[in-house]
K.L.:
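My questions will all concern the structure given below.
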Protein chains: 2
Amino acid sequence: MLDDIDRKLLGILSANARISLKELAAEAGLSSPSTAERLRKLDERGVITGYTVDVDPRMLGYTLQAIVRVRPLPGQLHIIERMIQEMPHCVECDKVTGDDCFVARILVRNMEELDGLLDGIAERAQTSTSLVKSTSVKRRLPALLP
Amino acid sequence: MLDDIDRKLLGILSANARISLKELAAEAGLSSPSTAERLRKLDERGVITGYTVDVDPRMLGYTLQAIVRVRPLPGQLHIIERMIQEMPHCVECDKVTGDDCFVARILVRNMEELDGLLDGIAERAQTSTSLVKSTSVKRRLPALLP
DNA sequence: CTCTTTGCTGGATGATATCGACCGGAAACT
DNA sequence: AGTTTCCGGTCGATATCATCCAGCAAAGAG
């Protein structure tokens, strides 16, 4: 599916997506046009789904990060899902197997704000909250298999 | 801290970090040089920590995604943390409060692979695994406060 | 063996980033 | 108030980069 050069391109881009095409090509040992063509195809095939910026939440005033497991009460699942989606503090949420239906990552400025958010859904769901103390593994690509 | 234009720049970049400076400037209603200068400062201040590529794990052969809570046995915390960090399947891991010390996001090709990974740490930690069925909220920026 | 397809390169051209000079407004001194 | 300084901005020239095109080589199909 992916060859060595594709993997190399993804690796380089994951470290710096705003690198110039020329540099990217040089690091991958390719010419600019073929590099551009490979990127286009990776995009087209859906391997690359986008390019984004990483921002330090603390620099935005979000000093607290929590991982919240949400177990909606019977009949409340869809409402809860929509509430989570519309909550701007939620920066990531997955629907998972098991008793906890959702696992969400929440950013807040302080405890009061977190408390307020959880209160807002308390009537429709049980929640288990873990505060993030530190990040052991910063988001990264998995091993790129052949 | 951040003004309206900074927020706009972050918003645009979070949607497409490889946009040209010129387009970025146009969308933000600014000239290219001042846009470049603002990016430089956002970088310098640590607001922007990097630019990355988003990749579809399924396109890399990772058909299964799991969120694993890890509770190391007494005395095993550091070893477990290192083992997680060195596990290429782990694409994200936070150290959290509560009984579960770590919450990790794991990518695997199939159940056997997941089983193998969990077996690998079973002697040193208890784990609770939730398989990701779907993504309710794709990773995004939180509300950008003034 | 030839034809076709695919993926690459190099060079020309058009687009973009960057640099320097300059400008105006706000805050800080005198 | 007047002056100075600083900050953030624009504009235009130049250097750098992305893209287009023609041509080539290797691999697979007929």
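Below, each value reflects all heavy atoms present in this structure, side chains not excepted, and no hydrogens, waters or symmetry copies. First the proteins, then the strands, lettered A, B, ... as listed; each starts at 1.
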K.L.:
State, to the nearest 10°, the angle formed by the axis through the first five base pairs of the helix from C:dC1-D:dG30 to C:dT30-D:dA1 and the axis through its last five.
P.N.:
30°
K.L.:
For salt bridge (Lys or Arg N to Asp or Glu O under 4.0 Å), just list the numbers for A:Arg45 and A:Asp6, CA-CA rounded to whole Å, side-chain angles, deciding distance to a tenth of an Å, and then say yes or no.
P.N.:
CA-CA 12 Å; A:Arg45 283 194 274 164; A:Asp6 287 330; 3.6 Å; yes
K.L.:
By a strict heavy-atom criterion of less than 4.0 Å, which residues belonging to residues 8-23 of chain B are in contact with DNA chain C?
P.N.:
B:Ser20, B:Leu21, B:Lys22
K.L.:
Salt bridge or not for B:Arg139 and B:Asp54, using N-O below 4.0 Å?
P.N.:
yes
K.L.:
Would you jot down, in residue-number order, the residues of residues 28-55 of chain B having a non-hydrogen atom under 4.0 Å from DNA chain C?
P.N.:
B:Ser32, B:Pro33
K.L.:
Sort and list the pairs that fulfil side-chain hydrogen bond (donor to acceptor under 3.5 Å, both in side chains) and have at least one residue in residues 101-110 of chain A, not counting sequence neighbours.
P.N.:
A:Glu92-A:Arg105, A:Arg105-B:Glu92, A:Arg105-B:Asp94, A:Arg109-A:Glu113
K.L.:
Could you tell me whether B:Arg40 and B:Asp43 have a side-chain N and a carboxylate O separated by less than 4.0 Å?
P.N.:
no
K.L.:
Count I, L, V, M, F, W, Y as connected when their side-chain heavy atoms are under 4.5 Å apart, and connections chain through other members. Are A:Leu42 and B:Val55 then in the same cluster?
P.N.:
yes
K.L.:
State, yes or no, whether a side-chain contact exists between A:Val70 and A:Val103 at a heavy-atom distance under 4.5 Å.
P.N.:
no
K.L.:
Enumerate donor-acceptor pairs with a distance under 3.5 Å from any side-chain N or O in residues 117-125 of chain A to protein atoms, sequence neighbours excluded.
P.N.:
residue	atom	partner	partner atom	Å
A:Arg124	NH1	A:Gln76	OE1	2.7

K.L.:
So, applying side chain to side chain donor-acceptor pair (under 3.5 Å) with A:Ser136, which one of B:Glu81, B:Arg82, B:Gln85, B:Lys95 is it?
P.N.:
B:Glu81
K.L.:
Taking only N/O atoms, report every protein-nucleotides 22-25 of chain D pair under 3.5 Å with atom names and distance.
P.N.:
none

K.L.:
Flag yes if more than 12 heavy atoms outside A:Lys22 fall under 6.0 Å of its NZ atom; otherwise flag no.
P.N.:
no
K.L.:
Looking at B:Arg38 and B:Asp3, is any side-chain nitrogen of the basic one under 4.0 Å from a carboxylate oxygen of the acidic one?
P.N.:
yes
K.L.:
Could you tell me whether A:Arg58 atom CZ has more than 12 heavy atoms of other residues or ligands within 6.0 Å of it?
P.N.:
no
K.L.:
Which is it for B:Ser34 and B:Ser31 under the side-chain hydrogen bond (donor to acceptor under 3.5 Å, both in side chains) test, yes or no, and what are the steps along the way?
P.N.:
CA-CA 6 Å; B:Ser34 42; B:Ser31 68; 2.8 Å; yes
K.L.:
Between atom CG in A:Asp6 and atom P in C:dG7, what is the gap in whole Å?
P.N.:
10 Å
